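Single-structure report; data block below.
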Amino acid sequence: MDNPAVVSDVTAGADKDAPLKEDIRLLGRLLGDVLRDQEGEAVFDIVETIRQTAVRFRRDADRDAGKELTDLLHALTRDQTISVVRAFSYFSHLANIAEDQHHNRRRRAHLLAGSAPRAGSIGHALGKLKEAGVGQDTVEEFFRDALISPVLTAHPTEVQRKSILDAEHDIARLLAERDLPQTPKERQRNEQLLHARIATLWQTRMLRYSKLTVADEIDNALSYYRITFLREVPALYDDIEAEIAEQYGAASEQTAHASFLQMGSWIGGDRDGNPNVNADTMRHALTRQSTTILDFYLDEVHALGAELSASTLLVEVSPALETLAENSPDNSPHRSDEPYRRALIGIYARLAATARELGVGHILRREVGHAAPYLDPELFAADLEVLAESLRQNHGAVLIQPRLAGVLRAARIFGFHLASLDMRQSSDIHERVLAELFARAGVEQDYAALSEEDKRALLLKELEQPRPLFSPYETYGDETNSELAILRTARDIRLRYGPRAIRNYIISHTETVSDLLEVLLLQKETGLMRVHLGGNSGTNDAMVIPLFETIPDLQRAAAIMDEWMALPLVASVIEKQGQLQEVMLGYSDSNKDGGFLTSNWELYQAELKLVEVFKQRQVKLRLFHGRGGTVGRGGGPSYDAIRAQPPGTVNGQIRLTEQGEIIASKFSNAEIGRRNLELLVSATLEASLTPPSGNGAHAEQLARFEAIMAELSNRAYKAYRDLVYETPGFTDYFFAATPIAEIAELNLGSRPASRKSTRRIEDLRAIPWGFSWGQCRLLLPGWYGFASSVKGWLEEDREARLEELRTMFKEWPFFATLLSNMDMVLAKTDLAIASRYAGLVADEELRERIFRRIVDEHGETIRCLEAITGASERLAGNPLLARSIQNRFAYLDPLNHLQVELIHRRRALTGDPEKADPRVHRGIHLSINGVAAGLRNTG
């Protein structure tokens, strides 16, 4: 891959991208050297020939090139095919590393130039707010009361193995070192190490050949804490405090101690559709999380002991610090005058005892002597604060920042639990469990058959009862026992690790108020809910959170929440939650149900209606956005998405999921991770505190915009549903023209691709649905239906209505963000590649009928988008992203062509197990990995 043609094709761009070109050239050359060395010159030549032919096929729509490419791929042996797929896949990964490094480089250059703060930075956000007249008290109140929480989830689009991530992290580090001054020998040594790491990558198995377990998913997620979160989250707090001081003056002590950015997790607690998640996985998740954070504290406290060597012969210390040192098990005469070290040895001993108490199996450095464990992380933080205060009082303030400040921040943010683990389960499971409990207790023999009104009455009556439904002398089904065990375990976990360890219970498929009451009753059964005398007052430990997913669910959301909050018992529970209630909105299923435009509009509408209902009930609303990687699943830039939220929907309270390979894309590089966390906080700050602009005329204009969107949504919904759910043969087309069947077999996650063993689109999980369309480069969930909608609406008065859409694009952030995200999807869509996948459909009439409809809608979508935005090129407003996407095609396209060829081979042998070759199967999965890496947001 050191052919100059590769470099010129891959790295075309502006001069400021010259360092990126150099990095890609270097990594490509080293990968080429590895390929020659490991596979031979012949394979290298094949790789280069395929790349050049694929470029001609894309650039010129050359039919001869297409035939030549087909012949080339047909002629490959199975071993050659594997080598070629691996070569292009690894080049995708290496290009991603180079691009991340270039983003970091450009950001540092911006800062070194002393330029104004960039959009999305905390400095930029605070500057805008100050200019708008927002005072320091308001800003500090925001940080004291806010909760901003990225929630890591384990969904089946994560295609990276941890060993691959570790090797790539090392390559990123070595690449970053090349920006520093180096002697010729250092430069040579750096290149040798890069070569070695790339060779390690080549010799490392890219795929998992055994099914991924929940424990594997937990460990994979925890690797990002060690890479990014443990250090970068506390560092971001420091940056924010410094920016407040620069813009307004020193931050108050309350703000300095605030914990507004906290991590969440679903991994080990999300059992919706995943039979592998149970009470044991929850316990394992908290044990592993606790081990990760306690290992970090132990390492940092040990390092502090080496650094804080101040002697009382030279400097005084506070009485509290003296007491802490005296209580230490360290009695060495060599440290009798070094109270900080003695105190830290005592803190280390208590941490070690805490770690053992919480199930940490191995502690690297044994403590000096015995000490009592910390009962909670606040006591650990208090001891660290004693050190910090003593240093402040005795000329040692400068010694706090290098390490102690970060550990103290981490203790307040992460506690001993690291991240809050959410529980999630489907409402139909809760109904079945309660139906059995009611029947066994002789309360109601057929709970499921009751009307909604009767269910509510029964549930509320049962919540008032002091006795439980469950009897230890009865026999229950496995499902009931498992669900109750999970809730009992949640109670134990909260007692063991603290109340922040588990504090949310999410109900999938929430359709009625009884769905919420059922979880309250199950919590009462297991000690997580306590109803006080009279039955109209109660406290629960895990907030009951509805998840509204489908279009009908979103439309009912506000009414359900209004009825829920009107119940006296619920109102009492909400009051004890700080007059706060969370609602989760699902992007994935609403998109699969109604299409891209309708999903976005119904989410917007649901949010506005929820704001109104919560305002009337005087309850603070926190929205939890179930965003995925693809635009079709709520993906796209988080910063723009948060700022485009309807007025009143943020207010310092937001949680959002980070899923699949998006976690790797955002957080596998510490500096990139820090930037993404800053964008999240900055967007929430701006969306919450930016004063409303405009007047009554603006409100009238917004009402007009919303009326237009409602009509566009209705039209788009009909067009999307007509194709996906009402076109005969569409399901057969989808299963043939995408790698959905192969994706379902890939060991990507611990949960199945479909909720049921059927081929119905309704039963397919939204994630593999979107993932499959991304693999075949159609990305249909991110744009289909838009053109039919707009074209139909324009028919009545094209010029006047087109001008209205242009105004909406310029003046309404919601519509602008919607079109920007669709623009990005269209930039990654490729009909030439998609046509090769369509060729996998054996039924020629079916293939032509459906693919032609998709092609026609795609063409109209481009024309409508260009007419509204005035941009004739994709991503004209984001040239950096445009170059990034364009740069990927030279190595991404061949992977798609190879994937089609391998799927052809595999399906031709279906039904003949003797002819089945595991190498073909492996090649398909390798290509899926490479395409996902190249697109970076396919799931």
Side-chain angles (χ1 to χ4, degrees), residues 230-231 234 256-257 259 287 289-418 496-498:
L230 292 179
R231 296 192 185 279
H257 289 182
S259 294
T287 300
Q289 288 180 195
S290 184
T291 297
T292 299
I293 190 59
L294 285 164
D295 281 348
F296 174 76
Y297 293 152
L298 287 164
D299 286 346
E300 292 296 287
V301 167
H302 176 76
L304 277 170
E307 294 168 4
L308 296 182
S309 55
S311 167
T312 50
L313 299 176
L314 302 170
V315 65
E316 294 183 354
V317 298
S318 70
L321 191 279
E322 283 183 346
T323 301
L324 203 58
E326 287 301 317
N327 291 335
S328 169
D330 176 40
N331 297 311
S332 170
H334 301 297
R335 289 184 290 272
S336 60
D337 65 327
E338 296 175 340
Y340 289 102
R341 281 182 164 168
R342 291 173 59 212
L344 284 160
I345 287 170
I347 291 171
Y348 186 95
R350 294 197 70 182
L351 272 178
T354 305
R356 291 192 184 91
E357 188 84 6
L358 295 179
V360 177
H362 176 70
I363 296 172
L364 183 61
R365 303 177 189 88
R366 289 194 64 82
E367 63 272 39
V368 167
H370 174 75
Y374 286 110
L375 296 178
D376 58 56
E378 287 75 21
L379 294 173
F380 169 51
D383 280 357
L384 295 176
E385 185 58 49
V386 167
L387 271 70
E389 188 57 31
S390 179
L391 288 168
R392 289 188 200 101
Q393 294 172 7
N394 296 285
H395 312 289
V398 70
L399 302 176
I400 299 172
Q401 195 57 40
R403 191 181 301 272
L404 178 57
V407 186
L408 186 50
R409 288 266 195 209
R412 290 172 178 149
I413 297 164
F414 300 116
F416 294 150
H417 67 288
L418 185 67
R496 188 174 175 83
Y497 298 97

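Quantities reported herein were computed from a predicted structural model and do not represent experimental measurements.
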* Structure fact -> Residues Ala325 and Pro339: closest non-hydrogen pair is CB-O, 3.5 Å
* **Residue pair Ser259 / Arg412: nearest heavy atoms and the distance that separates them** => OG-O, 3.3 Å
* Say you draw a straight line from OG of Ser290 to CZ of Phe414; how long is it, rounded to the nearest 0.5 Å? -> 13.5 Å
* Structure fact -> Closest heavy-atom pair, Leu321 versus Ala343, reported as atoms and distance to 0.1 Å, is CD2-CB, 4.0 Å
* What do you reckon, is CD of Glu316 surrounded by more than 12 foreign heavy atoms closer than 6.0 Å? -> no
* Check: Val386 main-chain N/O paired with Ser390 side-chain donor or acceptor under 3.5 Å -> no
* Structure fact -> Scanning both residues in full, the closest heavy-atom pair of Leu308 with Leu344 reads CD1-CD1, 4.0 Å
* Structure fact -> Here the gap from Leu294 atom CG to Tyr374 atom OH, rounded to the nearest 0.5 Å, amounts to 11.5 Å
In a table with atom names and distances, give each donor-acceptor pair under 3.5 Å that connects a side chain of residues 399-408 to protein atoms at least two apart or in another chain.
from: Gln401; atom 1: NE2; to: Asp238; atom 2: OD2; distance (Å): 3.1
from: Arg403; atom 1: NE; to: Glu307; atom 2: OE1; distance (Å): 3.2
from: Arg403; atom 1: NE; to: Glu307; atom 2: OE2; distance (Å): 2.9
from: Arg403; atom 1: NH1; to: Glu300; atom 2: OE1; distance (Å): 3.1
from: Arg403; atom 1: NH1; to: Glu300; atom 2: OE2; distance (Å): 3.1
from: Arg403; atom 1: NH2; to: Glu307; atom 2: OE2; distance (Å): 2.8

* Asked: Partners of Glu322 by side-chain hydrogen bond (donor to acceptor under 3.5 Å, both in side chains), sequence neighbours excluded?
  -> none
* Structure fact -> Tightest non-hydrogen contact, residues Glu357 and Arg496, listed as O-NH2, 2.7 Å
* To the nearest 0.5 Å, how far apart are CD in Glu367 and CD1 in Ile347? -> 14.0 Å
* Report yes if the side chains of Leu391 and Tyr340 come closer than 4.5 Å at any heavy-atom pair, otherwise no. => yes
* Structure fact -> To the nearest 0.5 Å, atom CG of Leu313 lies from atom CG of Asp337 at 4.5 Å
* Which pairs with one or both residues in residues 294-319 pass ring pair (Phe, Tyr, Trp, His ring centres under 6.0 Å), sequence neighbours excluded? -> Tyr297-Phe380
* To do: Take Leu387 and Asp383 through the side-chain contact (heavy atoms from CB on, under 4.5 Å) test and state the conclusion after the steps.
  => CA-CA 7 Å; Leu387 271 70; Asp383 280 357; 5.6 Å; no
* Asked: So do the side chains of Asp299 and Arg365 get within less than 4.5 Å of each other, counting heavy atoms only?
  -> yes
* **Spacing of Tyr497 atom OH and Leu418 atom CG [to the nearest 0.5 Å]** => 11.5 Å
* To the nearest 0.5 Å, tell me how far Arg341 CZ sits from Ser309 OG. => 4.5 Å
* To do: Looking only at non-hydrogen atoms, find the nearest pair between Tyr348 and Ile363 and report the distance.
  => OH-CG2, 3.9 Å
* To do: Please confirm whether the backbone N or O of Pro319 pairs with a side-chain atom of Thr323, one donor and one acceptor, at under 3.5 Å?
  => yes
